Amino acid sequence: MKKLNLNEFVEYSKERFTKRVIFKEEDSMVFVLNFEPGQSLPAHKHPGSNVYLLVLQGKGVFSFNGEQIDVVKDDVVLCTGDEELAFTNTGTTNVSLYVMLNKIPDGK
């Protein structure tokens with residue numbers, strides 16, 4: 001068992017968004033992405049994995065395969081490994097995203 005405080009992983013940088021890993025196991029990873037206004041996560045995929053995202057604070061826009069989806073605090077999003085994912089903080093305040101990256105078992 002391991003207990004941590006989420007606030008320890010909410011840290012911003014003026015240069016670029018930050019990624020702070022909370023847990024890393026064999027087939028999964030949990031981390032927080034932190035964005036100041038205007039900062040973006042470039043489009044990318046996670047083949048063989050599902051990505052679960054929770055907006056902890058702020059608002060922004062996800063892009064899934066080019067489709068724009070507005071999100072705000074407490075929204076939860078699922079992105080499959082086949083989808084191209086990007087994010088931009090479009091608000092005037094900081095954004096933090098709680099992210100769970102889980103490998104899909106073989107044979108599924």
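All values below were derived from every heavy atom in this structure, side-chain atoms included, with hydrogens, water molecules and symmetry-related copies excluded. Not measured: the values here are computed from a predicted model.
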Is there a donor-acceptor contact under 3.5 Å linking the side chains of Asn50 and Thr80? no
Which heavy atom in Gln39 sits nearest to a heavy atom in Glu15, and how many Å separate them? NE2-C, 4.0 Å
Going through the distances and angles, do Asp82 and Asn65 end up as a side chain to side chain contact (heavy atoms under 4.5 Å, CB included)? CA-CA 9 Å; Asp82 297 331; Asn65 293 330; over 6 Å; no
How far apart are the closest heavy atoms of Lys45 and Glu84, and which atoms are they? CG-CA, 3.8 Å
State the NE2-CG distance between His46 and Asn102, to the nearest 0.5 angstrom. 11.5 Å
What are the two closest non-hydrogen atoms of Thr93 and Gly58, and how far apart are they? OG1-CA, 4.2 Å
Option passing side chain to side chain donor-acceptor pair (under 3.5 Å) with Ser40 (candidates Asn89, Thr88, Thr90): Thr88
Val10 versus Gln57: any side-chain heavy-atom pair under 4.5 Å? yes
May I ask you to test the Ser96-Tyr12 pair for a side-chain heavy-atom distance under 4.5 Å? yes
Are Val61 and Ile69 packed together at the side-chain level, in the sense that at least one heavy-atom pair is separated by less than 4.5 angstrom? no
Considering non-hydrogen atoms only, spot the tightest contact between Leu56 and Leu6 and give its length. CD1-CD2, 3.8 Å
Before accepting this row, confirm whether a basic side-chain N of the pair Glu36/Lys14 lies closer than 4.0 Å to the acidic partner's carboxylate O. yes
Side chain to side chain contact (heavy atoms under 4.5 Å, CB included) assessment of Leu97 paired with Leu54: CA-CA 6 Å; Leu97 304 175; Leu54 165 65; over 6 Å; no
Are Phe17 and Val77 joined in one hydrophobic group, where the rule is that I, L, V, M, F, W and Y side chains link up if heavy atoms are under 4.5 Å apart? yes
Minimum heavy-atom separation for Val95 to Lys59, with atom names? CG2-O, 3.2 Å
Quick one, Val51 and Leu78 - any side-chain contact, counting heavy atoms below 4.5 Å? no
Here the pair of heavy atoms bringing Leu53 nearest to Val99 is CD2-CG2, 3.8 Å
pair Phe35-Asn94: side-chain heavy atoms closer than 4.5 Å: no
Taking the side chain as every heavy atom from C-beta outward, state whether Phe62 and Asp70 have any pair of such atoms under 4.5 Å apart. no
Do Met29 and Leu85 belong together in a cluster built from hydrophobic side chains that touch within less than 4.5 Å? yes
Carefully, step by step, assess Val76 and Tyr52 under the rule side chain to side chain contact (heavy atoms under 4.5 Å, CB included). CA-CA 7 Å; Val76 181; Tyr52 303 89; 5.8 Å; no
One should read off an interatomic distance between Lys103 NZ and Ser49 OG, to the nearest 0.5 angstrom, of 8.0 Å
Side-chain contact, heavy-atom cut-off 4.5 Å: Phe87 with Leu33? no
Please evaluate residues Asn34 and Arg20 with respect to the criterion side chain to side chain contact (heavy atoms under 4.5 Å, CB included), reporting the C-alpha separation (whole Å), side-chain torsions for both, the decisive distance (0.1 Å), and the verdict. CA-CA 8 Å; Asn34 302 289; Arg20 300 295 179 253; 4.1 Å; yes
Connected via hydrophobic side-chain network under 4.5 Å: Val71 and Phe31: yes
Quick check on Glu67: does its CD atom have over 12 non-hydrogen neighbours (other residues, nucleotides or ligands) under 6.0 Å away? no
Determine whether Met100 and Val32 fall in the same hydrophobic cluster, where Ile, Leu, Val, Met, Phe, Trp and Tyr are linked whenever their side-chain heavy atoms lie under 4.5 Å apart. yes
Is it true that a side-chain atom of His44 and a backbone atom of Ala86 form a donor plus acceptor pair closer than 3.5 Å? no
